[in-house]
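All remarks here apply to the structure that follows.
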Amino acid sequence: MLPDIGVFGPYTYLVTEVIWGSIALVLLWRANALRMAAKTIVVLYPIAYVWDWYTLTVGVFEIKLRTGVDLLGIPIEEHIFMIVVPALILGIHENLHGFSSGSNAD
């Protein structure tokens with residue numbers, strides 16, 4: 001049985017973003033890939049923002065356990081999500097393949 005993280009009420013989504021964001025940060029730091037990830041995230045962010053804004057606007061999904069704070073038309077948690085997801089993916093990738101450390105091993 002999964003734990004009920006809904007106990008955080010309107011902060012539930014924010015708490016999950018902080019937890020997963022912390023994991024992403026540790027992975028990127030461990031791989032010495034913070035700068036590389038930041039560049040990639042800056043490029044991806046506008047695409048993710050438009051995609052997220054559109055899907056929320058047309059009603060593809062609804063976020064119930066959130067703070068209710070919006071920024072530029074979408075929940076603040078979604079802005080964090082658009083940073084955390086690519087950071088986590090890049091952190092895992094760099095730890096598996098070590099390209100930032102100079103290794104070219106597959």
Side-chain angles (χ1 to χ4, degrees):
M1 178 178 268
L2 296 174
D4 179 15
I5 62 167
V7 298
F8 295 110
Y11 297 99
T12 300
Y13 192 13
L14 185 61
V15 168
T16 62
E17 293 306 318
V18 169
I19 292 168
W20 288 107
S22 298
I23 293 168
L25 186 62
V26 168
L27 288 170
L28 290 169
W29 175 79
R30 183 176 179 270
N32 193 29
L34 287 167
R35 184 175 298 232
M36 181 265 317
K39 289 178 187 177
T40 302
I41 292 166
V42 165
V43 171
L44 290 173
Y45 187 86
I47 298 163
Y49 171 79
V50 170
W51 182 358
D52 207 68
W53 172 84
Y54 177 76
T55 56
L56 284 168
T57 301
V58 299
V60 170
F61 63 95
E62 179 185 349
I63 305 165
K64 294 180 182 177
L65 297 175
R66 66 183 195 94
T67 60
V69 176
D70 287 356
L71 177 65
L72 301 173
I74 63 174
I76 192 74
E77 295 89 346
E78 285 295 294
H79 290 278
I80 298 168
F81 180 82
M82 291 183 286
I83 295 168
V84 169
V85 170
L88 187 58
I89 292 167
L90 292 167
I92 291 168
H93 180 272
E94 289 300 308
N95 276 274
L96 286 174
H97 300 288
F99 292 120
S100 291
S101 64
S103 171
N104 289 326
D106 286 305

Side chains of residues 62-72: which donor-acceptor pairs under 3.5 Å do they make with residues two or more places apart or in other chains?
from, atom 1, to, atom 2, distance (Å)
Arg66, NH1, Asp70, OD1, 2.9
Arg66, NH2, Asp70, OD1, 3.4
Thr67, OG1, Val69, N, 3.2
Thr67, OG1, Glu77, OE2, 2.9

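- For the pair His79 and Ile74, the minimum side-chain heavy-atom distance is below 4.5 Å.
- Tracing side-chain contacts under 4.5 Å through hydrophobic residues (I, L, V, M, F, W, Y), one never reaches Trp51 starting from Val43; they form parts of separate clusters.
- Here the CZ atom belonging to Arg30 is positioned 4.5 Å from the CG atom belonging to Asn95, to the nearest 0.5 angstrom.
- Of all the heavy atoms in Pro86 and Phe81, the pair that sits closest is CD-O, 4.2 Å.
- Here the CD-CG distance, from Glu94 to Leu90, works out to 7.0 Å after rounding to the nearest 0.5 Å.
- The cluster map of Ile, Leu, Val, Met, Phe, Trp and Tyr, joined by side-chain heavy atoms under 4.5 Å apart, puts Val58 and Trp53 in the same cluster.
- Residues Leu88 and Val85 do not share a hydrophobic cluster, clusters being chains of Ile/Leu/Val/Met/Phe/Trp/Tyr side chains in contact below 4.5 Å.
- With rounding to the nearest 0.5 angstrom, the CG atom of Leu34 is 7.5 Å from the CG atom of Asn32.
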Could you pull out every donor-acceptor pair under 3.5 Å between side chains of residues 13-23 and any protein atom, sequence neighbours left out?
from, atom 1, to, atom 2, distance (Å)
Tyr13, OH, Glu78, OE2, 2.3
Thr16, OG1, Tyr13, O, 2.7
Ser22, OG, Val18, O, 2.7

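- The nearest pair of heavy atoms linking Ala24 to Val84 is CB-O, 4.3 Å.
- The cluster map of Ile, Leu, Val, Met, Phe, Trp and Tyr, joined by side-chain heavy atoms under 4.5 Å apart, puts Val50 and Phe61 in the same cluster.
- When the side chains of ILVMFWY residues are joined at heavy-atom separations under 4.5 Å, either directly or via intervening members, Tyr49 and Ile47 end up in two distinct hydrophobic clusters.
- In the displayed structure, Tyr11 atom OH is contacted under 6.0 Å by at most 12 heavy atoms of other residues, nucleotides or ligands.
- Every residue meeting the side-chain contact (heavy atoms from CB on, under 4.5 Å) condition with Ile83, not counting sequence neighbours, appears here in chain and number order: Ile41, Tyr45.
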